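The chains referred to below are lettered A, B, ... by the order of the sequence lines, with proteins before strands, and numbering in each begins at 1. Bear in mind that the values here come from a model prediction, so they are computed numbers and not experimental data.
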Amino acid sequence: MKSEPDVYSIDDLKRDKVTFWDGVRNYQARNFMRDQMQEGDEVLFYHSNAKPPGVVGLAKIVKVGIPDPTAFDPQSEYFDPKSSPENPRWYGVEVQFLEKWKAPVTLEEIKKHPQLKNMLVAQKGQRLSVQPVEASHFRTLKALGRRKVL
DNA sequence: GCCAACGTTGGC
DNA sequence: GCCAACGTTGGC
């Protein structure tokens, strides 16, 4: 899951412990959250528009399939008049903080890594804010994130 | 700040 | 249902 750290960072999640992941307004991302995510799933937390961009830690899905209330709120920047509480168009999930790594696994590193370079996030033009990660990629990346920092 | 690579919108 | 125009994402 991608987030711009200026908007919501891994430190914010660490502070909050649990947060509702709102504001997803892309059908592919929504469908992935709705159809693929399960409670208990681990999630890579990615800082986009960051210096450097990369995966900064781990989180866990604690609840799925929650209608996104910001879509109903005319004051919200995520307001969508086509979504209503009776017929919600947008959904989110609850995410729990697990760990923040001492150093991020940067996008540059992912692109260079033989076992990670074909990850979705490393592909050109790939801008989905929520995207699937293959199990082997997940394991490799997690091990990299947990390495001792020199 | 630039711009490639999308996704969405709306006229027709 | 096509597609041009427009908006957004996000690395660089």
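- A close approach under 4.0 Å does occur between a side-chain nitrogen or oxygen of A:Y46 and OP1 or OP2 of C:dG11.
- In the set C:dG11, B:dT8, B:dC6, B:dC6 carries the atom at the smallest distance from any side-chain atom of A:R127.
- Residue A:K111 has its side chain nearest to C:dC12 when only C:dG10, B:dG7, C:dC12 are considered.
- Contact check, A:K124 against B:dA4: no side-chain N or O comes under 4.0 Å of OP1 or OP2.
- A donor-acceptor pair shorter than 3.5 Å cannot be found between the side chains of A:Y27 and A:R34.
- Between A:E108 atom CD and C:dG10 atom P there is a gap of 19 Å when expressed in whole angstrom units.
- Nucleic acid contact for A:Q28: sugar-phosphate only, since backbone atoms but no base atoms lie under 4.0 Å from a heavy atom of the residue.
- Contact annotation: A:K82 reaches the phosphate of B:dT9 (side-chain N/O to OP1 or OP2, under 4.0 Å).
- Using a distance-only test at 3.5 Å, with no hydrogens or angles considered, a donor-acceptor pair links the side chain of A:Q131 to the main chain of A:L128.
- Rounded to a whole Å, the NZ atom of A:K51 is 12 Å from the C1' atom of B:dG1.
- The interatomic distance linking A:N49 (CG) with B:dC3 (C1') rounds to 14 Å, in whole Å.
- In this structure, A:L120 atom CG and C:dG10 atom P are separated by 13 Å, rounded to whole Å.
- Summarising the geometry, the separation between CG on A:N26 and C1' on B:dA5 is reported as 13 Å, rounded to the nearest angstrom.
- Between the CG atom of A:L107 and the P atom of C:dG10 there is a distance of 11 Å, rounded to whole Å.
- Straight-line distance from the NE2 atom of A:H47 to the P atom of C:dT9: 17 Å, rounded to whole Å.
- Ring to ring, A:W21 and A:F45 are close: their centroids are under 6.0 angstrom apart.
- Salt-bridge formation is not detected for the pair A:K14/A:D11: no Lys NZ or Arg NE/NH1/NH2 atom is positioned less than 4.0 Å from an Asp or Glu carboxylate oxygen.
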